[in-house]
K.L.:
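Encoded as structure tokens, here's the structure I'll be asking about.
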Amino acid sequence: MNTSDPPAVSLRAVTRQFGTVRAVNGVDLDIRAGELFGLIGRNGAGKSTLFRMMLGLIPVSDGEIRIEGVRVDGSAFRAVRRRVGYLPENVVLYDNLSGRETLRFFARLKGVPATACDAALERVGLSPAADRRVSGYSRGMRQRLGFAQALLGNPRILFLDEPTTGLDADAIRGFHDVLRGLREEGVTIVMTSHILAELQERVDRLAILVDGRVRAEGSVQSLREHVDLPLSVTVAVRLDGAARVAAAIQPLAVAAVVVRGRELSAGCRREAKMAMLDALAGVRADVEDIQVREPSLEDVFFGLSTGGAMAWS
Amino acid sequence: MELKQLLAIAAREFRDRIRNRWVLAVALVFTVLALVIAFFGGAQQGAVGFRSVEFTIASLVSLVIYLMPLIALLLGFDAIVGERERGSLDLLLSMPITRFELLIGKYLGLALAMTVSTVAGFGLVMLILSPKLDAEGCYHYVGFMASSILLGLVFLSIAVSISARAIDRARASGLAIATWFFFVLVFDLVLLGVLVFTGGAFGGDILPYLLLLNPADVFRVLNVFTLDELRASYGLATVFPEQLASPWLLGTVMLAWIAGPLTLASWRFRR
């Protein structure tokens, strides 16, 4: 992934109006080739509308979207579609077809040889059920079949809308293994998920959508640094040391120290972290263990999507 | 337009109707009804058994004119809106396929399913009746089958057009039933009503042309005018000018009735 490369997906002042409702409002985004880009927001924030516009399924009301430099509303986009994979949220497939027939159908639409279907089924772990009718598939199996469909033709860009919906823990792990492999192959991945912890460890960058606008964009770490959220410090104390430890760190905490039995929790500003650790060193005899945790993506998301103070984006 | 993608859509639609036994069910309905009409159609006049191909076709025309539009409308009303409502349309449209190809592919697949069921249903009856049919009888019966298919294709085209326009399946099904009601029951009654009410002053001369606005009437006229025995027995034949009675012209009108709604559907679906 090279930041000087032209973006795989670029959006310029993209707006979408439904009657009087502006679902997407002046969105500018550049998604670099080869990166895993997360798109998060509450229900109704405009994620699905943005996804549908990026795939050329609905037209933009204003602005411009390009995939690999080609406008999605132009006739040349048809050729680009062959290099794009899409897994919709709650994928709906045809119950009367088997898994293999489903993939062969989509392979014909994409102009991909039928032999690619077996590899795709293998990749998502559906080979043993390939000849069963989709009507007999569980929700997780349908999701995996949908993912296999998206992988047909070795796409250069993948759009995954809530891809782990309905998957069990094993399947989620398998899904991320496949995703890792795709990233090594240089595939650009644009993904939404309600499970923010899932994105936190994996995305290169992400955008937070609020009311149709991009409220923030960047790597998880850069968002953390921009959002002035406290670090979370958790201290395990020895038998009767809670009061002494609480007294030592309270002046550096952003709010009242919470004591739960032998565990203390406190918020601490990033710049006060070392002072807090020094304070804890001062009561070392009472301290059994210390954990300092960065704000999670969920913390960042709530900080950004609810607070009006984050105008920096 | 890429034929491969279009045919993939058509093949899936056709296979779907084979697998859910739609084709078989409709073929059976046609076979049973046609056999019953062929052998028991004259029971009211005290005669049982096969009478003539003209008589059988006349009875079948009356049946098909009700049944075929209904079957075609029910087959096609959710072709597009059903995909949209189920949530599978986005996935299809994300493929390298145009909306026009998707629409035509769906139409062709459904049209093939309807054609196969009609040929199988009425064709089986033709085989059963073949010892009693001469060459001319076979010719007329095949003509009847072809016009029945055309009638089905017209109403399938209307159904797909409704489907491309409708917001949801419920509205599409309502509109499909209303369409059937209008063309099969209301249209002729209104025409006759106007004719009788005005004492023939309005509509008398243009009545044959107005009939061309209803594909069900075109189908009726097409069959009536190919059979001498029926032409005499149908009052309609006396008011229909000879120059309009050409099977080729009426066939062309049917084809226009297929192309028109499909063009409208394509325009609506692209928006």
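Here is the naming used below: chain letters follow the sequence lines, and residue numbers restart at 1 for every chain. The structure displayed is predicted, hence computed values, not measured ones. Basis for what follows: all heavy atoms, side chains included, without hydrogens, waters or symmetry-related copies.
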K.L.:
Is the number of heavy atoms from other residues, nucleotides or ligands under 6.0 Å of A:Asp30 CG greater than 12?
P.N.:
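Counting neighbours around CG of A:Asp30, more than 12 heavy atoms of other residues, nucleotides or ligands fall under 6.0 Å, so yes.
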K.L.:
Grab the two heavy atoms, one from A:Phe105 and one from B:Ala8, that are nearest each other, plus how far apart they are.
P.N.:
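In this case the closest contact between A:Phe105 and B:Ala8 is CE1-O, 3.6 Å.
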K.L.:
Quick one: what part of A:Arg104 sits under 4.5 Å from any heavy atom of chain B, side chain, backbone, both or neither?
P.N.:
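Neither part.
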K.L.:
Whether B:Arg15 and A:Glu101 form a salt bridge (side-chain N of Lys/Arg under 4.0 Å from carboxylate O of Asp/Glu) is what I want to check.
P.N.:
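Salt bridge present between A:Glu101 and B:Arg15.
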K.L.:
Can you tell me which portion of B:Leu6 sits under 4.5 Å from chain A's heavy atoms? Options are side chain, backbone, both or neither.
P.N.:
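Neither part, no heavy atoms under 4.5 Å.
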K.L.:
So which part of A:Leu93 gets closer than 4.5 Å to some heavy atom of chain B, the side chain, the backbone, both or neither?
P.N.:
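Side chain only.
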K.L.:
Do you know the tightest heavy-atom contact between A:Leu109 and B:Gln5?
P.N.:
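Minimum heavy-atom contact is O-NE2, 2.9 Å.
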K.L.:
Take atom CZ in B:Phe40; do more than 12 heavy atoms of anything else shown fall under 6.0 Å from it?
P.N.:
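No - once you tally the heavy atoms of other residues, nucleotides and ligands closer than 6.0 Å, there are 12 at most.
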K.L.:
Taking atom CZ as the centre, does A:Arg133 end up with more than 12 heavy-atom neighbours from other residues, nucleotides or ligands that are less than 6.0 angstrom away?
P.N.:
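Yes, because the 6.0 Å sphere around CZ of A:Arg133 holds more than 12 heavy atoms from other groups.
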K.L.:
Please determine, among B:Glu101, B:Glu83, B:Met95, the option with the most heavy-atom pairs under 4.5 Å with chain A.
P.N.:
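Top option by heavy-atom pairs under 4.5 Å: B:Met95.
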K.L.:
Counting only heavy atoms not in A:Arg213, do more than 12 sit closer than 6.0 Å to its CZ atom?
P.N.:
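Not more than 12 within 6.0 Å, no.
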K.L.:
Counting only non-hydrogen atoms closer than 4.5 Å, does A:Arg83 touch chain B with its backbone (N, CA, C, O), its side chain (CB onward), both, or neither?
P.N.:
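Contact with chain B involves no heavy atom of A:Arg83 at all.
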K.L.:
For chain A, which candidate among B:Leu7, B:Leu89, B:Ile9 shows the most heavy-atom pairs at distances under 4.5 Å?
P.N.:
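When all of B:Leu7, B:Leu89, B:Ile9 are compared, B:Ile9 has the most.
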K.L.:
Would you find more than 12 non-hydrogen atoms of other residues, nucleotides or ligands less than 6.0 Å from B:Ile167 atom CD1?
P.N.:
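Incorrect, the count does not exceed 12.
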K.L.:
Less than 4.5 Å to any heavy atom of chain B: does that hold for the side chain of A:Val84, its backbone, both, or neither?
P.N.:
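Neither part, no heavy atoms under 4.5 Å.
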K.L.:
For A:Arg108 and B:Ala11, work out which heavy atoms get closest and say how close.
P.N.:
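Smallest heavy-atom distance, with atoms named: NH1-CB, 4.2 Å.
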K.L.:
Could you tell me the separation between the CG atom of A:Asn90 and the CZ atom of B:Arg86, rounded to the nearest 0.5 Å?
P.N.:
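The CG atom of A:Asn90 sits 15.0 Å away from the CZ atom of B:Arg86.
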K.L.:
Please look at A:Gln149 and chain B and tell me whether the side chain, the backbone, both or neither of the residue comes under 4.5 angstrom of a heavy atom of that chain.
P.N.:
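A:Gln149 touches chain B through side-chain heavy atoms alone.
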K.L.:
Rounded to the nearest 0.5 Å, what's the gap from CZ on B:Arg19 to CG on A:Asp95? Could you check?
P.N.:
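With rounding to 0.5 Å, CZ (B:Arg19) is 12.0 Å from CG (A:Asp95).
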K.L.:
Any carboxylate oxygen within less than 4.0 angstrom of a Lys/Arg side-chain nitrogen, looking at B:Glu2 and A:Arg82?
P.N.:
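Yes, charged N to carboxylate O under 4.0 Å.
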K.L.:
Would you mind checking which part of A:Phe106 comes under 4.5 Å of any heavy atom in chain B, side chain (CB onward), backbone (N, CA, C, O), both or neither?
P.N.:
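A:Phe106 touches chain B through backbone and side-chain heavy atoms alike.
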K.L.:
Give me the atom names and distance for the closest heavy-atom approach of B:Leu91 to A:Val92.
P.N.:
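Heavy-atom minimum between the residues: CD2-O, 4.5 Å.
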K.L.:
Relative to chain A, which of B:Asp16, B:Ile97, B:Asp90 shows the most heavy atom pairs under 4.5 Å?
P.N.:
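The candidate making the most pairs under 4.5 Å is B:Asp90.
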K.L.:
OG/B:Ser94 to CE/A:Met54 distance, rounded to the nearest 0.5 angstrom?
P.N.:
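Here the interatomic distance stands at 13.0 Å.
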